[in-house]
Amino acid sequence: MKRQNWLLLLAVVLLTALPLWLVQKPVPGTDGKAAEIFSGSDTQGQQAISELAPDYQPWFESFLTPASKEIESLLFALQAALGAGVIGYWLGVSVTREKIRRETEQQAAGQEKTHAD
C-alpha cells in the first residue's frame with residue numbers, strides 16, 4: 001500500500017477509536033444507577049414520560065421484543081444497511097439512466113449531423 005493510503009487508514013481508525021476512548025463516564029443519576037453513555041432517544045423519552053405522567057398507558061405493545069440490547073442494535077444496524085442499500089441502488093440506477101440518455105442523445109445528434117451533410 002502507498003504511504004498515503006496507510007495515513008488515511010490510520011486517520012479513519014483514530015477518528016473511530018479516539019472519541020470512544022476519550023468519552024467521560026457520566027455521573028450516576030439520582031437513583032444511584034450508573035447512567036448509560038450511549039442511551040438512545042427512546043430510553044430518554046420513556047424516562048421523561050414516566051416522570052411527567054407516571055400513570056401513562058402505552059397505546060400498543062411491541063409484537064417483537066429483542067432478547068438483548070445487542071440484538072436490538074443488530075436489527076437497527078441491519079435496517080440502516082438495507083435502507084442505505086436501497087438508496088445506493090436508486091442513485092446508481094438514476095445515474096446510469098441519465099448517462100444512457102445523454103449517450104443516446106449524442107448518438108442521435110451525430111446521426112442527424114451526418115444525414116444533413
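What you are looking at is a predicted structure, and each value in this text was computed from that prediction instead of being measured. Values below: all heavy atoms of this structure, side chains included; hydrogens, waters and symmetry mates excluded. We count residues from 1, following the sequence as given.
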**Q** My understanding is that a hydrophobic cluster links ILVMFWY residues whose side chain heavy atoms are under 4.5 Å apart, including indirect links. Using that, what else belongs to the cluster containing Leu75?
**A** Ile71
**Q** Could you list the donor-acceptor pairs under 3.5 angstrom formed between side-chain atoms of residues 46-67 and any protein atom two or more places apart in sequence or on another chain?
**A**
{"from": "Ser50", "atom 1": "OG", "to": "Gln46", "atom 2": "O", "distance (Å)": "3.3"}
{"from": "Ser50", "atom 1": "OG", "to": "Gln47", "atom 2": "O", "distance (Å)": "2.8"}
{"from": "Ser62", "atom 1": "OG", "to": "Leu64", "atom 2": "O", "distance (Å)": "3.0"}

**Q** Tabulate below the donor-acceptor pairs under 3.5 Å that side-chain atoms of residues 83-103 make, not counting sequence neighbours, or state none.
**A**
{"from": "Ser94", "atom 1": "OG", "to": "Trp90", "atom 2": "O", "distance (Å)": "2.9"}
{"from": "Thr96", "atom 1": "OG1", "to": "Gly92", "atom 2": "O", "distance (Å)": "2.8"}
{"from": "Glu98", "atom 1": "OE1", "to": "Arg101", "atom 2": "NE", "distance (Å)": "3.3"}
{"from": "Glu98", "atom 1": "OE1", "to": "Arg101", "atom 2": "NH2", "distance (Å)": "3.4"}
{"from": "Glu98", "atom 1": "OE2", "to": "Arg101", "atom 2": "NH2", "distance (Å)": "2.3"}
{"from": "Glu98", "atom 1": "OE2", "to": "Arg102", "atom 2": "NE", "distance (Å)": "3.3"}
{"from": "Arg101", "atom 1": "NH1", "to": "Glu105", "atom 2": "OE1", "distance (Å)": "3.3"}
{"from": "Arg101", "atom 1": "NH1", "to": "Glu105", "atom 2": "OE2", "distance (Å)": "2.5"}

**Q** Could I get the full list of side chain to side chain contact (heavy atoms under 4.5 Å, CB included) partners for Leu14, not counting sequence neighbours?
**A** Leu10, Leu18
**Q** Quick one: which residue pairs count as a side-chain hydrogen bond (donor to acceptor under 3.5 Å, both in side chains) with a foot in residues 68-78, not counting sequence neighbours?
**A**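 Listed by first then second residue: Ser68-Glu70.
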